[in-house]
Amino acid sequence: MNRDAMPNAFRPGAVDLPPREADLVARRQALLGPAYRLFYERPLHIVRGEGVWLYDADGTAYLDAYNNVASLGHCHPRVVEAVARQAGQLATHTRYLHEGVLELAERLLATLPPDLGHAMFTCTGSEANDLALRLAFAATGGTGVIVTENAYHGVTMGVAALSPSLGPGVPLGAHVRTVPAPDPDKGTDATFGAAVAAAAADLARHGIRPAALILDTVFSSDGVFTHPTDTLAPAAAAIRAAGGLFIADEVQPGFGRTGEAMWGFLRHGVVPDMVSMGKPMGNGYPVAALALRPELAERFGAGARYFNTFGGNAVAAAAALAVLDTLEEEGLQAHALKVGGQFRADLNALSARDPRLGAVRGAGLFLGVEVLEPESRAPDAGMAARIVNGLREARVLISATGPHGHVLKIRPPLVFSDANAAFFLERFESVLSASR
């Protein structure tokens, strides 16, 4: 199954569209080709964003409870101003001296454990994870990689081969092994470290030296597993015992999203060898990075040079610095913890009243809600798709995730308020009532 909302995706010919949207769909298919997908059975024509709201071509407002790219809210004025100002002064690569990329590296590394002393910049999280693989291969002499069963780590050739959530059309590499995500309901949380050790042993038995374990630290594509917080340390120890490195993929959980910490791995009390980051880093401007132990960079740099034309450019650095300033000055991590905690409690209360809803998982403003068949308690992807599309009609935007596509993925901008949560819950209950 493809990741995030593919069960809820638009399928040409499945619904009648107004002429304007039908024309856009036709042009899109003709120009972009069949590999692109659109969210929702009736796709949205979005023309503007502000805060937690997106606006369509008719001016209708939609509550964005999904998009963590604009983590400060759409078109945050501080980021817009920083990007515009820097673009009017200088926009070029990092082979000239410039303060921006250095200040950004200093600010980012200050949020991380001191063992992570270097930063390397890219444009996307996919590129950051791809670079992490190159570094891991160079440091260990191995090529074997361990991921979770429905992981997503990017779309480059290197990381697509270790992203099982992309589906059977994107086969896993022969050098990749998968382990179940640490799901406490299935007991896999207690055995997660042992599963990583077994996967590393299987790689070695097939003549493949283990190089890395890479994990999204909230396991978002596996169904959002944020607790317990003692699962990563044994897994990191297992891969290191096998000669590999631990890479924390913070592209989705990072930048205060969980409320409890700036980075998801910090909730587990473990220090990775590398940390990748992206998506919310520029609040819509493409900027990403990899933080790593200095010895890894030194080993890699002794035999290779690294260059990324746009990675760490002056405009990207300005956007990312504005994001860090805003996170701190607006107290958005603490805000995510407070609002997200109450939101999760309210979703739990709703789940207790509706047998179609199961476990509510999450931390801060990263939440997942299981949708289940009431009698068998089996995953119900069909109902999840109806809920996602029903909410779209009710002017609320979310997605679905997990290997069965049955977990509602709720990941709003960090400025999401109690009033926004109340609006969401009112619309959610209405959609559930109409779906009986």
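In what follows, every heavy atom counts, from backbone to side chain, and hydrogens, waters and symmetry copies are set aside. One is the number of the first residue; the rest follow in order along the sequence.
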Side-chain donor-acceptor contact under 3.5 Å, His76 with Glu330: yes
Side-chain touch Thr401/Tyr152, heavy atoms, less than 4.5 angstrom: no
Verdict with reasoning, His74 to Asn283, per side chain to side chain contact (heavy atoms under 4.5 Å, CB included): CA-CA 8 Å; His74 293 279; Asn283 205 58; over 6 Å; no
Would you indicate whether Tyr36, at its atom OH, is surrounded by more than 12 heavy atoms from other residues, nucleotides or ligands within a distance under 6.0 Å? no
Taking Asp56 first and then Arg48, would you say they form a salt bridge - that is, a charged N and a carboxylate O separated by under 4.0 Å? no
Evaluate Phe255 against Leu327 for side chain to side chain contact (heavy atoms under 4.5 Å, CB included), listing each step before the verdict. CA-CA 8 Å; Phe255 289 92; Leu327 282 170; 3.9 Å; yes
Per the side chain to side chain contact (heavy atoms under 4.5 Å, CB included) rule, which among Leu135, Leu116, Leu133, Asp249 passes with Met274? Leu135
Is it true that Arg85 and Glu81 make a salt bridge, defined as a side-chain N closer than 4.0 Å to a carboxylate O? yes
Please determine if Glu329 and Arg78 form a salt bridge, counting it only when a charged side-chain N lies under 4.0 Å from a carboxylate O. yes
Distance col, row Ser276:OG vs Asn129:CG, nearest 0.5 angstrom, shows 3.5 Å
Residues, nucleotides or ligands: over 12 heavy atoms within 6.0 Å of Arg28 CZ: yes
Stepwise side chain to side chain contact (heavy atoms under 4.5 Å, CB included) test for Thr122 and Leu131: CA-CA 9 Å; Thr122 67; Leu131 178 59; 4.3 Å; yes
Have His118 and Arg293 got a donor and an acceptor in their side chains that come within less than 3.5 Å? no
Judged by modelled atom types alone, do Thr217 and Glu250 share a side-chain donor-acceptor pair under 3.5 Å? yes
Output, in order, the C-alpha distance, side-chain angles, deciding distance and verdict of side chain to side chain contact (heavy atoms under 4.5 Å, CB included) for Asn313 and His93. CA-CA 5 Å; Asn313 76 78; His93 53 71; 5.9 Å; no
Using a 6.0 Å cut-off, check whether atom CD of Glu295 has over 12 heavy atoms from anything other than its own residue. yes
Donor on one side chain, acceptor on other, Gln342 and Asp418, under 3.5 Å: no
Taking atom CZ as the centre, does Arg209 end up with more than 12 heavy-atom neighbours from other residues, nucleotides or ligands that are less than 6.0 angstrom away? no
Any side-chain donor paired with an acceptor under 3.5 Å for Arg411 and Gln252? yes
Under a 4.0 Å N-O cut-off, is there an ion pair linking Glu370 with Arg361? yes
Given ring-ring contact (aromatic ring centres under 6.0 Å, His included), test Phe300 with Phe137 step by step and report yes or no. CA-CA 9 Å; Phe300 179 77; Phe137 293 172; over 10 Å; no
For Leu97, is the CG atom crowded, meaning more than 12 foreign heavy atoms sit under 6.0 Å from it? no
Test: Arg392 cationic atom under 6.0 Å from Phe39 six-membered ring centre, within 45° of axis: no
Under 6.0 Å between ring centres, would you say that holds for Phe424 and Phe416? no
Counting heavy atoms not belonging to Glu328, are there more than 12 under 6.0 Å from its CD? no
What about the rings of Phe310 and Phe121, do their centers lie closer together than 6.0 Å? no
Is the closest side-chain donor-acceptor distance between Asn68 and Ser71 under 3.5 Å? no
